[in-house]
Amino acid sequence: MSEYTSLEKIRLQKIEELRAEGIEPYPTRAERTHTSAEAIAAFEAAGDGVEVKATLAGRIRATRAMGKLSFAHIEDGAGKVQLFFRINELTQPRVDFFNKMFDIGDFIQASGVMFRTKTGEATLHVHDFKLLAKSVSPLPADKDVTQEDGTVVRFAALEDPELRARQRYADLAVNPEVRETFRKRAALIKTLRTFLDNHGFLEVETPILQPLYGGAAARPFETHHNELDQDMYLRISFELYLKRLLVGNLERVYEIGRDFRNEGVSYKHNPEFTQLEFYWAYADYLQVMELTEQMVSYAAEKVSGSTKVKYSEHEIDFTPPWKRLEMRAGIKETSGIDIAEHPTAESLLKAILAKGRTPDPKSTRGKLIDFLLSEYLEPTLIQPTFLYNYPRDISPLAKSMPGDPLTVERFEGYVAGFELCNAFTELNDPLDQEQRFLEMGRDYEAGDEEKHPMDEDYLRAMRYGMPPNGGFGMGVDRLAMLLTNKHSIREVLLFPALRKEEFGE
RNA sequence: GGGCGCGUAGCUCAAUGGCAGAGCAGUGGCCUUUUAAGCCAUUGGUUGAGAGUUCGAAUCUCUCCGCGCUCACCA
């Protein structure tokens with residue numbers, strides 16, 4: 001345990017004094033009749049001369065002592081309300097007791113009658129009060145005031161992004177808009193569930209701890225089961241397990257849960273993130289496209305109140321239909337390179353080098369196309385756009401287009417210049433799938449660390465027969481960013497991954 | 001992992017080679033309708049850690065730690 005600061009020592013001293021006076025600083029039970037918002041609403045609704053009694057409970061956020069009277073603001077889950085202490089009802093020693101022993105950050109219970117102050121604020125006139133929990137460490141100091149025009153001005157807010165993420169509890173305690181962000185996030189996830197439930201999808205849970213990983217090109221976290229003496233992996237996607245369920249005649253399934261990828265961290269990547277995947281029997285990627293724009297616009301409407309949301313300097317319009325752009329055309333338009341004219345990696349690499357760009361020279365053709373996509377096309381895709389038809393060699397689980405074996409029926413949804421979702425007409429041919437795994441295995445030999453291992457059980461499932469189907473995956477955190485106007489994934493994760501903190505011994 | 005930047009009181013920030021400061025928070029006092037309450041007084045620092053240069057380092061150099069931005073990576 002680290003040393004207490006001088007401010008903390010003063011508060012610890014107060015705790016001792018309270019106990020010496022027979023006052024428990026952490027009493028077991030609390031009472032309240034109204035939340036702050038309920039008390040104010042009841043007061044506003046009551047007619048003149050009607051007394052509104054209330055017992056409130058919350059955390060002290062500001063105090064203003066004036067000798068024979070004191071004001072304080074407390075905050076609870078519903079908002080803030082002002083308390084008014086006066087010697088007439090409480091006696092001077094009780095007012096002094098409040099001023100001396102209560103600090104910002106303490107939890108208090110106060111009973112009294114609602115009234116309006118000279119400045120018009122609905123306030124609890126306190127007749128009795130009680131400490132509910134003493135705060136030892138001062139919250140990161142923060143004061144704000146709502147001005148007459150309704151704007152909130154914040155003074156000395158807690159802003160350090162590291163501290164805010166590491167001590168999210170303090171961030172939440174002092175920054176109400178952070179609480180609002182996470183309420184919106186919860187609403188988003190609930191909305192996605194409702195939408196899929198209403199469309200006949202069954203929510204399922206598949207293993208997070210897996211003997212073999214797959215379904216995406218990513219490096220996994222590895223762990224070990226002691227009793228089984230077996231290496232295990234944290235899943236990098238849900239895909240292969242959800243598609244096993246289609247074999248089992250569950251026609252529409254979805255899962256919302258955590259994926260883990262042992263890779264870099266950035267404003268749009270966290271090592272664990274929330275993924276939504278669904279698989280839809282007898283549908284293809286075009287039907288999935290339509291369901292996607294419906295689902296996302298529905299979520300935007302429910303969470304933000306409109307299918308148009310402000311993001312940075314843009315207004316993103318999720319109203320269907322979204323723009324559809326064939327990937328080849330989009331790349332040609334933005335980079336000037338027509339990938340169809342370059343059927344080999346060598347030829348395409350030459351064309352890119354001629355532009356003065358330098359991709360990894362060992363890249364496959366698919367990787368080069370992806371390079372063009374992210375370098376030229378992706379930043380231009382601000383409004384929701386479906387890019388469709390992808391090269392086969394970077395899509396080992398997607399079905400080829402009839403008559404064009406090198407292209408697969410796949411789309412990705414882009415918004416605000418980043419990838420939001422990824423979907424395809426799923427490969428359901430077990431022999432083709434085995435071939436793709438083998439190709440991936442060869443790439444793996446060549447040193448790529450992100451290739452699919454052969455999943456024999458998945459192939460066994462496929463051999464029983466899998467209905468044709470469309471599959472879909474979406475980064476829920478990224479959608480949460482879009483709907484809350486946040487520009488880092490850390491802002492929509494309560495506890496984002498951070499380097500381990502060193503505490504003194 | 002590479003590049004750039006940042007780290008000063010509990011919080012937000014000054015001080016660019018010459019006495020480490022302000023506002024808020026805290027502590028003591030005055031104050032019966034305040035709301036960033038006000039007024040008077042006052043506490044609080046190993047300037048992220050360590051080493052070096054210098055008469056003198058928050059400031060310059062090096063190493064380390066942490067964070068941010070960015071590149072790579074992330075089909």
Side-chain angles (χ1 to χ4, degrees), chain A residues 4-11 13-14 61-73 80 82-89 92 95 100 103-105 115-121 123 125 137-147 152-166 170 174 215-219 236-237 261-271 273 358-360 363-371 373-374 390-398 408 410 412 418-419 422 424 440 443 448-452 475 487-488 490 498-502:
Chain A
Y4 286 111
T5 66
S6 59
L7 300 185
E8 289 167 335
K9 284 176 185 160
I10 289 165
R11 295 197 183 186
Q13 180 64 33
K14 289 181 183 178
R61 290 298 306 278
T63 59
R64 294 177 292 281
M66 301 185 60
K68 294 186 170 57
L69 49 87
S70 283
F71 292 90
H73 269 100
K80 283 188 191 172
Q82 182 168 250
L83 305 183
F84 177 64
F85 302 78
R86 198 168 66 160
I87 60 167
N88 307 42
E89 295 76 28
Q92 185 73 57
V95 173
K100 202 165 145 43
D103 292 291
I104 293 172
F115 81 114
R116 197 178 301 283
T117 62
K118 275 184 182 170
T119 52
E121 181 168 348
T123 299
H125 195 144
S137 303
L139 282 170
D142 164 67
K143 278 199 166 186
D144 59 32
V145 61
T146 307
Q147 296 183 320
V152 175
V153 180
R154 172 89 27 90
F155 300 90
L158 174 64
E159 286 174 340
D160 177 25
E162 179 190 354
L163 190 65
R164 288 185 46 234
R166 249 185 227 293
V174 301
R219 290 152 70 186
I236 58 172
S237 87
R261 296 187 182 175
N262 203 341
E263 282 162 356
V265 174
S266 81
Y267 75 95
K268 53 183 178 180
H269 296 91
N270 194 65
F273 62 99
T358 51
D360 182 350
S363 302
T364 61
R365 179 168 178 273
K367 288 235 169 190
L368 291 172
I369 291 172
D370 191 56
F371 175 85
L373 172 62
S374 43
Y390 277 66
R392 178 182 186 271
D393 72 273
I394 54 170
S395 312
L397 299 160
V408 295
R410 170 178 175 185
E412 291 186 323
F418 61 74
E419 180 193 338
N422 178 22
F424 25 92
M440 288 297 145
D443 287 343
D448 194 327
E449 294 180 355
E450 300 164 352
K451 288 307 168 191
H452 291 260
H487 299 84
S488 166
R490 290 187 170 182
L498 294 170
R499 224 172 277 273
K500 188 172 150 193
E501 190 174 7
E502 296 295 333

Is there a side chain to side chain contact (heavy atoms under 4.5 Å, CB included) between A:K68 and A:V95? Walk through the geometry before answering.
CA-CA 7 Å; A:K68 294 186 170 57; A:V95 173; over 6 Å; no
How far, in whole Å, is B:rU42 from B:rG23 if one measures between their C1' atoms?
16 Å
Given the structure, check if the side chain of A:Q82 and the base of B:rU34 hold any donor-acceptor pair shorter than 3.5 Å.
yes
Write down the distance between CZ (A:R61) and P (B:rG10), rounded to a whole number of angstrom.
19 Å
To the nearest angstrom, the CD-C1' distance between A:E419 and B:rC73 comes to 14 Å
Atom pair distance, as rounded to whole Å: CD1 in A:I104 and C1' in B:rG26
10 Å
Look at all strands and tell whether A:R410 reaches a base, only sugar-phosphate, or nothing, counting heavy atoms closer than 4.0 Å.
base
Return the set of residues passing side-chain hydrogen bond (donor to acceptor under 3.5 Å, both in side chains) with A:D103 (not counting sequence neighbours), or none when no residue passes.
A:K14, A:K134
Checking base pairs now: Watson-Crick or wobble, both atom distances under 3.5 Å. What partners B:rA51?
B:rU61
What contact category does A:T5 fall into here, base, sugar-phosphate, or nothing, at under 4.0 angstrom with non-hydrogen atoms?
nothing
Residue set satisfying side chain to side chain contact (heavy atoms under 4.5 Å, CB included) with A:R64, at least two apart, ordered chain then number -> A:A62, A:F71, A:H73, A:Q82
Non-hydrogen side-chain atoms of A:I104 and A:P138 separated by less than 4.5 Å
no
Rounding to an integer number of angstrom, what distance separates B:rU46 and B:rU8 when you compare their P atoms?
12 Å
What distance, rounded to whole Å, do you find between the two C1' atoms, one in B:rA14 and one in B:rU27?
24 Å
Which heavy-atom pair separates A:I236 from A:A218 by the least distance, and what is that distance?
CD1-O, 3.7 Å
Whole-Å P distance, B:rU16 and B:rG7
13 Å
Pick the P atom in B:rG28 and in B:rC13, then give their distance to the nearest Å.
29 Å
Think A:R64 has a side-chain N or O under 4.0 angstrom from the OP1 or OP2 of B:rU34?
no
Sequence neighbours excluded, the answer for ring pair (Phe, Tyr, Trp, His ring centres under 6.0 Å) partners of A:Y390 is none
Counting only Watson-Crick or G-U wobble pairs whose two distances fall under 3.5 Å, which nucleotide matches B:rA14?
none
Taking the side chain of A:F71 as heavy atoms from C-beta outward, which of B:rG44, B:rU34, B:rG10 is closest to it?
B:rU34
Please give, in whole Å, the distance from B:rU12 P to A:L139 CG?
13 Å
In the strands shown, is B:rG26 matched to any nucleotide by a Watson-Crick or G-U wobble pair with both distances under 3.5 Å, and which?
B:rU42
Taking only residues two or more places apart in sequence or in another chain, which ones pass side chain to side chain contact (heavy atoms under 4.5 Å, CB included) with A:T5?
A:L7, A:E8
Rounded to whole Å, how long is the line connecting atom CZ of A:F85 with atom P of B:rA37?
15 Å
Considering only side-chain heavy atoms of A:R166, which listed nucleotide, B:rG66, B:rU34, B:rG26, is closest?
B:rG66
Which class fits the ring pair A:H125 and A:F84: parallel under 30°, tilted 30 to 60°, perpendicular over 60°?
perpendicular
Taking atom C1' in both B:rA20 and B:rU59, what distance in whole Å separates the two?
12 Å
Would you kindly give the CD-to-P distance between A:E8 and B:rA9, to the nearest whole Å?
15 Å
How far, in whole Å, is B:rG26 from B:rG44 if one measures between their C1' atoms?
8 Å
Taking atom C1' of B:rA9 as reference, at what distance in whole Å does atom CG of A:L7 sit?
9 Å
Could you tell me which nucleotide pairs with B:rU34 by Watson-Crick or G-U wobble geometry, both distances under 3.5 Å, or answer none if nothing does?
none
Comparing A:T123 with A:F371, nearest RNA chain B nucleotide closer to 5' gives the residue A:T123
Side-chain-base donor-acceptor pair under 3.5 Å for A:S6 and B:rU43:
no
Both distances under 3.5 Å, Watson-Crick or G-U wobble: report the partner of B:rG66, or none.
B:rC6
Using the C1' atoms only, state how far B:rA72 lies from B:rA58, rounded to an integer number of Å.
34 Å
Under 4.0 Å protein heavy-atom contacts per nucleotide of nucleotides 27-32 of chain B, with B for base, S for backbone only and - for none:
SS--BB
A:E263 atom CD is separated from B:rG1 atom P, nearest whole Å, by 15 Å
Quick one: list whatever passes salt bridge (Lys or Arg N to Asp or Glu O under 4.0 Å) with A:E121, sequence neighbours left out.
none
